[in-house]
S.K.: 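Mind having a look at this structure? Questions to follow.
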Number of protein chains: 2
Amino acid sequence: MATLRDVAKAAGVSPATASRAMGDSPAVSPEARERVTRAAAELGYQINALARSLRTQRTNTIGLLLPDVRNPFFTELAYQVDKIAAERGLTVMIGNADEQAEQQDRYLDVLARHQVDGIIAVPQGAASQVLRRTAGALPTVFMDRDPGIPGTPTITSDNRGGIFALVDHLVRLGRRHIGVVAGPQSTSTGRERLLAVTDRLAHHGLDLPPAHVVEGDFQLDSGVAATEQLLGHGPLDAIIAADNLMAMGALMVLRRNGIQVGHDMALACVDDIEWFALVEPAITVLAQDIPGLALAALDSLTRQINGDAAPSVVVPMHLIPRASCGEAGRGMPTTPKEGAHG
Amino acid sequence: MATLRDVAKAAGVSPATASRAMGDSPAVSPEARERVTRAAAELGYQINALARSLRTQRTNTIGLLLPDVRNPFFTELAYQVDKIAAERGLTVMIGNADEQAEQQDRYLDVLARHQVDGIIAVPQGAASQVLRRTAGALPTVFMDRDPGIPGTPTITSDNRGGIFALVDHLVRLGRRHIGVVAGPQSTSTGRERLLAVTDRLAHHGLDLPPAHVVEGDFQLDSGVAATEQLLGHGPLDAIIAADNLMAMGALMVLRRNGIQVGHDMALACVDDIEWFALVEPAITVLAQDIPGLALAALDSLTRQINGDAAPSVVVPMHLIPRASCGEAGRGMPTTPKEGAHG
DNA sequence: CGATTCCATGGAATCGATTCCACAGGCTCA
DNA sequence: TGAGCCTGTGGAATCGATTCCATGGAATCG
């Protein structure tokens, strides 16, 4: 591999001048710049990012820590973050915690050792010691979930507002007996979404008995188990799943039991997937604004890296009604509380 | 951030000794090691991977270049590669070409600048100049697709053998009029799969007219377009899609046209998705052995990094019959050529 | 015309960890 | 007892790029 020294020699200048010519320092004669550029091209010179970063104390690299890269929601999040970061000349190192706190800690250390300029993290479970230390030591932004570490900005979706709209939608369609496949209560999203369902049902004068709530872990299998359990606890006419994969599991169970989704039972969940529109019936979702989240997170992180105040942001969610909740007018009449909605 | 120098000072030893104590060099007294270890813990010392790598000329980092991180097949591939690499103490930098040759080239340079020890690449399109240069300059393994660069090992699935099994399956079920939503013919997988279908149909005495083949780009939308086109060209009783996303698109079109999949029309594709078993009807797939591919790629790359001979590997595929191709015995009788299959 | 400013350039220090080399002190063995 | 060895340690060079500082020459000004 050719070094800058080689390039300088080939161009007949000093390494200092070569360095200036490669960057866009104005203090280089056009002639020297030309010679250096040509020499670099001829030698196939690639700058050594390690050496540069060691000297400049800047890597232009950020870490992205996710709980599960295989969940389409996080895949999309990674895609959007990487895309925007690339446009800004930043490289993204993706770390997959694979749903294990220990892996998360391991990756945080890896990122720190690689001297990333900052970290965007979707934390899992309770805030670990390593997570606190890292968030305190270098620019950090939490995204999607809030681990409750004060002083670190958080970019989240408006889960409460979104769930309100979803519950209103279901109630308007005549659903009264709602079951919830909740997310893990160790995550802020799991808690917020469940609480919002409870609160909004109460607002409609409806009750959410404990037997109608089963906690899953955001994975497909837990959606299966939770739904089986829900079906054993009295009659329901709607199920809300706290994420897409658990909704998939719920759909499997409902099908196996010969329950007509969209008719006998409404099904809705948080987080859209491209092919949710495809499944029969198409699934009603509460979609997060993923590009919006990614953009806000990067903006906030960049500010923090530059030493400015970094804001927390709440991004609106978007209800997409599809066939899985049935049509308005079916079954019971539209709720008289219609007018009370926000 | 504490440096090794700080740790050494705190432990009352020289940086040299501190370095030796942090690694597992035997030439350190137990007492010195103890003191250094404690000092490091107290200072929250994290080794600076940049400085270490600059000196040792080893980053213990490999690059993984993918054409589309949002395709579940590549997501799973990334997951498996990262998992195995982590077990071996390697960090993975994922690059997403986002289906653009230009992005691929850009990422190859990024990886080279970061001094990765080696690259695992799923190349797209024709082999670019940058791809050739990179493959020549540092340890490289191609995975899934073969760009035809001699001297660089390739880890691929046995597309030909797999497709043979799939075609045999369809023919055995009485399907005779097969349409193909082919992959891009600029990729080796696209070419191999189409050729294998043609050859195996011929082996059964069946023809594949040009009008029954439409080329897509491995994305959902192209599956939609291709299937619509196929339906306009005479009667078919089966469609083979070269990947999962295009099969999704095909399924959408078939549904919209009221065509009963699994009865009027068989549908099968390459690459399984967890929830393909969920769709109604469940989709028959030719699944790749993703952990097998990941393991073989990493092994081959590691050998190459260590200066040993790195093998090319062909990994077997696995046919998973589901409801989308209908049951045996339906329609025409089982082909008399049954006995001729390999 | 002499003094001052400006500009392009090169030498050398620096980032943080590793490692070659030299060396001190304790040991063994003849 | 002295020659030789082994072990643990520290000084200093090194990896490759950046950047501070100094310098020489050209341009500008009064």
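Quick note on labels: first sequence line is chain A, next is B, and so on, each numbered from 1.
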S.K.: Got a sec, which residues hit side chain to side chain contact (heavy atoms under 4.5 Å, CB included) with Leu54(B), two or more places apart in sequence or on another chain?
M.R.: Asn48(A), Ala51(A), Leu54(A)

S.K.: For Lys9(A) and dG16(D), what is the distance between atoms NZ and P respectively, to the nearest whole Å?
M.R.: 12 Å

S.K.: For the side chain of Gln57(A), counting heavy atoms from C-beta on, which of dG10(C), dC15(C), dA17(C) is nearest?
M.R.: dC15(C)

S.K.: How many whole angstroms separate atom CE of Met22(B) from atom P of dT19(C)?
M.R.: 14 Å

S.K.: Sorted by first residue and then second, give each salt bridge (charged side-chain N to carboxylate O under 4.0 Å, His left out) pair with at least one member in residues 36-54 of chain B; sequence neighbours left out.
M.R.: Glu34(B)-Arg38(B)

S.K.: Between dG10(D), dA17(C), dG10(C), which one does the side chain of Arg20(A) approach most closely?
M.R.: dG10(C)

S.K.: Just checking, is any N or O donor in the side chain of Gln80(A) or Glu76(A) under 3.5 Å from an acceptor N or O on the other one?
M.R.: yes

S.K.: Just by distance, do the side chain of Ser300(B) and the backbone of Leu298(B) share a donor-acceptor pair under 3.5 Å?
M.R.: no

S.K.: Looking at residues at least two apart in the chain, or sitting in another chain, which of them share a side chain to side chain contact (heavy atoms under 4.5 Å, CB included) with Arg20(B)?
M.R.: Ala16(B), Thr17(B), Ser25(B), Val28(B)

S.K.: Check DNA chain D for consecutive Watson-Crick or G-U pairs with both distances under 3.5 Å and list the runs of at least three as stems.
M.R.: C:1-30 with D:1-30

S.K.: Check side chain to side chain contact (heavy atoms under 4.5 Å, CB included) between Ala126(A) and all other residues, then give those that pass, not counting sequence neighbours.
M.R.: none

S.K.: Write out all pairs satisfying salt bridge (charged side-chain N to carboxylate O under 4.0 Å, His left out) with one or both partners inside residues 82-104 of chain B, taking only residues at least two apart or from two chains.
M.R.: Arg88(B)-Asp299(B)

S.K.: Once you round it to whole Å, what is the distance between P of dG16(C) and CZ of Arg5(B)?
M.R.: 9 Å

S.K.: Counting any heavy atom closer than 4.0 Å, what does Ile47(A) reach on the DNA or RNA strands: base, sugar-phosphate only, or nothing?
M.R.: sugar-phosphate

S.K.: Thr37(B) side chain to Arg35(B) main-chain N or O, any donor-acceptor pair under 3.5 Å?
M.R.: no

S.K.: State which of dT19(D), dG10(D), dG16(C) makes the closest approach to the side chain of Val13(B).
M.R.: dG10(D)

S.K.: Give the rounded distance in Å between these two atoms: CE of Met1(B) and P of dC15(C).
M.R.: 17 Å

S.K.: Strictly below 4.0 Å, heavy-atom distances to any atom of DNA chain D: list the hits from residues 106-117 of chain B, or just say none.
M.R.: none

S.K.: Thr17(B) or Leu54(A): which one's nearest nucleotide on DNA chain D is closer to the 5' end?
M.R.: Thr17(B)

S.K.: Mind running a 4.0 Å heavy-atom check of residues 29-44 of chain A against DNA chain C and sending the residues that fall below it, in number order?
M.R.: Ser29(A), Ala32(A)

S.K.: A side-chain contact here means heavy atoms from C-beta on lying under 4.5 Å apart; do Asn96(A) and Arg70(A) qualify?
M.R.: no

S.K.: Identify all side-chain donor-acceptor contacts of residues 141-148 of chain B below 3.5 Å with residues at least two apart in sequence or on another chain.
M.R.:
| unit_1 | atom_1 | unit_2 | atom_2 | d |
| --- | --- | --- | --- | --- |
| Arg145(B) | NH1 | Pro123(B) | O | 3.2 |
| Asp146(B) | OD1 | Gly148(B) | N | 2.8 |

S.K.: Please, which pairs that meet salt bridge (charged side-chain N to carboxylate O under 4.0 Å, His left out) have at least one residue in residues 123-139 of chain A, sequence neighbours excluded?
M.R.: Asp109(A)-Arg133(A)

S.K.: Any N/O pairs under 3.5 Å between the protein and nucleotides 12-14 of chain C? List them or say none.
M.R.:
| unit_1 | atom_1 | unit_2 | atom_2 | d |
| --- | --- | --- | --- | --- |
| dT14(C) | O2 | Arg55(A) | NH1 | 2.7 |

S.K.: Is there a donor-acceptor pair under 3.5 Å between the side chain of Thr187(A) and the backbone N or O of Pro184(A)?
M.R.: yes

S.K.: Quick one: side chain to side chain contact (heavy atoms under 4.5 Å, CB included) partners of Asp117(B), sequence neighbours excluded?
M.R.: Arg58(B), Thr59(B), Asn60(B), Ile305(B)

